[in-house]
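Ligands are counted one by one from 1 in listed order, and the atoms in each one are counted from 1 as well. Just so we're clear, the structure is a prediction, and the values are computed from it rather than from any experiment.
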Amino acid sequence: MKKILITGGAGFIGSHVVRLFVTKYSNYQIYNLDALTYAGNLENLVDIENASNYTFIKGDISDEQFISSLFQKHQFDGVINLAAESHVDRSIEDPMAFVKTNVIGTVNLLNASRAIWGDNYEGKRFYHISTDEVYGSLGAEGLFTETTAYDPNSPYSASKASSDHFVRAYGETYGLPYVLTNCSNNYGPNHFPEKLIPLFINNIINHKPLPVYGDGNYTRDWLFVVDHARAIDMVFHQGVNHETYNIGGFNEWKNIDLVRLLCGIMDVKLEREAGESEKLITYVKDRPGHDLRYAIDASKIKEKLGWEPSVTFEQGLELTVNWYLNNTDWLKNVTSGAYASYYDKQYKEVRS
Ligand code: NAD
Ligand code: TYD
């Protein structure tokens, strides 16, 4: 039986990856290591929490001593690293938290993997999950490929870029068998409502303003989270050591167009008059260093591993909206407590 450590498995993407691995691979013992920060939520995994091949461990990847003894104890065969501070706006307020988890935490995992694997890398694999944001910003044209130079602009993307470099360096220097993926913006169930889509769904439900940064003409490439989890499964099992794969949705949207589409879907679902949710759109002060456009060329993973998204954006958004409307307790739980003070601070202009 293989022992696989998934870090950050109580978060948005991590919970979908944990569910996929626990249900698909009964021959694996899956260990979910998560510090349960504001973004981690064990409610995301209630359906599989009692599975016999699943173990949850609460702990911090930036704690060197703890990570070292955990690896010695369990002798993991594989590591899938999703634990991270993941929100750009929070990184602007508190960059050090991002250095601690994203950089130091990743290096701790690399060191602990080396320590237990020694020089025998047979059947071992370190998989680091990263973002397209490390490539910086595109103009109106072009796509990020696996060879695009790193050019991060936010403390978040700089910390992710740094962790990616460490992973590559451990591959080059110590021969550590790694794979790395850089994915575009995800959306779907269990997404914490600080990011654009779940924040706006929650605000529409509650008749609150929809704070669009700047002129709203920023572009992102959106991928349904379940399709990201499928890609992670494929890369973990079929990816070539020391290679990077870009993952994207072939699905670019200007923020303002996406928000209008979402408003239309919400009007129908909530049986509100057409155009009612759009009235909530409020343009607010721009995010500092806001990247204009991200767009991924995902042809490598498509051609080499046969991966492509399984749902269209319209289908994925519908599934997402339905999930939030059917899980109002989840939304209420995550938006109680500390969320309110974060919201008040971040959205001073539209506090209501
Ligand atoms: P998330 O913020 O929803 O979840 C992060 C998880 O990591 C949480 O459960 C949190 O408790 C845990 N965590 C944070 N610090 C930790 C620490 N020090 N030790 C252990 N656990 C810790 O993030 P997400 O959106 O699920 O992103 C997961 C990964 O995917 C991140 O590495 C992120 O950079 C990457 N990514 C995200 C997106 C996206 O659109 N969300 C896109 C591309 C890549
Ligand atoms: P976000 O979901 O934070 O993801 P990222 O910054 O990692 O791409 O933001 C997506 C886009 O939406 C980005 O261009 C910033 C914008 N945005 C808003 O206009 N208003 C908001 O309240 C938020 C959270 C994001």
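- Val225 and Leu331 fall within a single hydrophobic cluster, where Ile, Leu, Val, Met, Phe, Trp and Tyr side chains are chained together by heavy-atom contacts under 4.5 Å.
- Heavy-atom proximity to Ile129, at under 4.0 Å, picks out these atoms of ligand 1: 30 (O), 32 (O).
- Between Tyr294 and Phe144, the ring planes are tilted. Angles from 30° to 60° get that label.
- No side-chain N or O of Gln29 forms a donor-acceptor pair with one of Tyr54 less than 3.5 Å apart.
- In terms of N/O distances under 3.5 Å, ligand 1 is approached by Phe12.
- Of the protein's non-hydrogen atoms, Ser184 O, 3.3 Å is the one closest to atom 42 (C) of ligand 1.
- Residue contacts with ligand 1 include Tyr156, since one or more of its heavy atoms lies under 4.0 Å from the ligand.
- In terms of polar-atom proximity, Thr37 is counted as a contact of ligand 1, with an N or O under 3.5 Å from an N or O of the ligand.
- When only non-hydrogen protein atoms are considered, atom 9 (O) of ligand 1 lies nearest to Asp34 OD2, 2.6 Å.
- Here the shortest heavy-atom pairing between Ser68 and Ala112 reads CA-CB, 4.4 Å.
- The side-chain tip of Arg114 does not point at the ring of Phe71 from less than 6.0 angstrom away and within 45° of straight on.
- Residue contact check: Gly59 has heavy atoms under 4.0 Å from atoms 19 (N), 20 (C) of ligand 1.
- When hydrogens are left out, the protein atom nearest atom 15 (N) of ligand 1 is Thr101 CG2, 3.5 Å; that is the closest non-hydrogen contact.
- Trp307 is connected to Leu82 through a chain of hydrophobic side-chain contacts under 4.5 Å among Ile, Leu, Val, Met, Phe, Trp and Tyr, so both are in one cluster.
- Under 4.0 Å from ligand 1, the heavy atoms of Leu36 that appear belong solely to its backbone.
- The protein heavy atom nearest to atom 4 (O) of ligand 1 is Gly11 CA, 3.5 Å.
- With hydrogens and angles left out, the side-chain atoms of Asp297 and Thr145 include no donor and acceptor closer than 3.5 Å.
- Remark: Arg230 is not positioned above the aromatic ring of Phe224, lacking an NZ or CZ atom under 6.0 angstrom from the ring centre and at most 45 degrees off the axis.
- Contact between Asn185 and ligand 1 is present, with at least one heavy atom of the residue lying under 4.0 Å from the ligand.
- In this structure, atom 23 (O) of ligand 1 lies nearest to the protein heavy atom Ser86 OG, 3.3 Å.
- Note: Phe12 and His16 have perpendicular aromatic rings, judged against thresholds of 30 and 60 degrees for the angle between ring planes.
- Within the structure, the closest approach of Gly105 to ligand 1 does not fall below 4.0 Å when heavy atoms are considered.
- With salt bridges taken as basic N to acidic carboxylate O contacts below 4.0 Å, none links Lys58 and Asp34.
- Within 4.0 Å of ligand 2, the residues that place a heavy atom are His87, Val88, Glu133, Asn185, Glu194, Lys195, Leu196, Leu199, Phe200, Pro211, Val212, Tyr213, Tyr218, Arg220, Asn255, Arg287, His290, Tyr294, Tyr347, listed by chain and number.
- For atom 21 (N) of ligand 1, the nearest protein heavy atom (residue, atom name, distance) is Ala35 N, 3.1 Å.
- For ligand 1, the atoms lying closer than 4.0 Å to a non-hydrogen atom of Ala83 are 7 (O), 20 (C), 21 (N), 22 (C).
- When the heavy atoms of Thr131, Val17, Ile13 are ranked by distance to atom 38 (C) of ligand 1, first place goes to Ile13.
- A salt bridge between Glu318 and Lys269 is present, with a side-chain N of the basic residue lying under 4.0 Å from a carboxylate O of the acidic one.
- Note on Glu146 versus Lys300: no salt bridge recorded, every NZ/NE/NH1/NH2 to OD/OE distance being 4.0 Å or above.
- The pair Glu85-Lys100 does not meet the salt-bridge criterion, since no charged nitrogen lies less than 4.0 angstrom from a carboxylate oxygen.
- Heavy atoms of Ser15 come nearer than 4.0 angstrom to ligand 1 in no pair at all.
- A salt bridge links Asp77 with Lys124: at least one charged nitrogen is closer than 4.0 Å to a carboxylate oxygen.
- Both Ile57 and Leu109 are part of a single hydrophobic cluster, where members link through side-chain heavy atoms under 4.5 Å apart.
- Inclusion of Asn186 in the set of residues having an N or O under 3.5 Å from an N or O of ligand 1 is warranted.
- Looking at atom 18 (N) of ligand 1, its nearest protein heavy atom turns out to be Asp60 OD1, 2.8 Å.
- Under a 4.0 Å heavy-atom criterion, Gly9 is not in contact with ligand 1.
- Between Ser62, Ala84, Gly40, it is Ala84 that holds the heavy atom closest to atom 7 (O) of ligand 1.
- Within the 4.0 Å heavy-atom criterion, the part of Lys160 lying near ligand 1 is the side chain and not the backbone.
- Checking Asp233 against Tyr25 by side-chain atom types alone, a donor-acceptor pair falls below 3.5 Å.
- Under 3.5 Å, the side chains of Tyr174 and Asn111 contain no donor-acceptor pair of N or O atoms.
- Considering backbone and side-chain N/O atoms, Leu33 never comes within less than 3.5 Å of an N/O atom of ligand 1.
- Each of the following atoms of ligand 1 lies closer than 4.0 Å to a heavy atom of Ser130: 43 (C), 44 (C).
- Looking only at atom types and distance, the side chain of Asp221 has no donor-acceptor partner in the side chain of Asn251 under 3.5 Å away.
- Looking at ligand 1, you won't find any N or O of Cys183 less than 3.5 Å from one of its N or O atoms.
- Both Phe313 and Leu196 are assigned to one and the same hydrophobic cluster, defined by single-linkage of ILVMFWY side chains at heavy-atom distances under 4.5 Å.
- Shortest contact from atom 29 (C) of ligand 1 to any protein heavy atom: Leu82 O, 3.3 Å.
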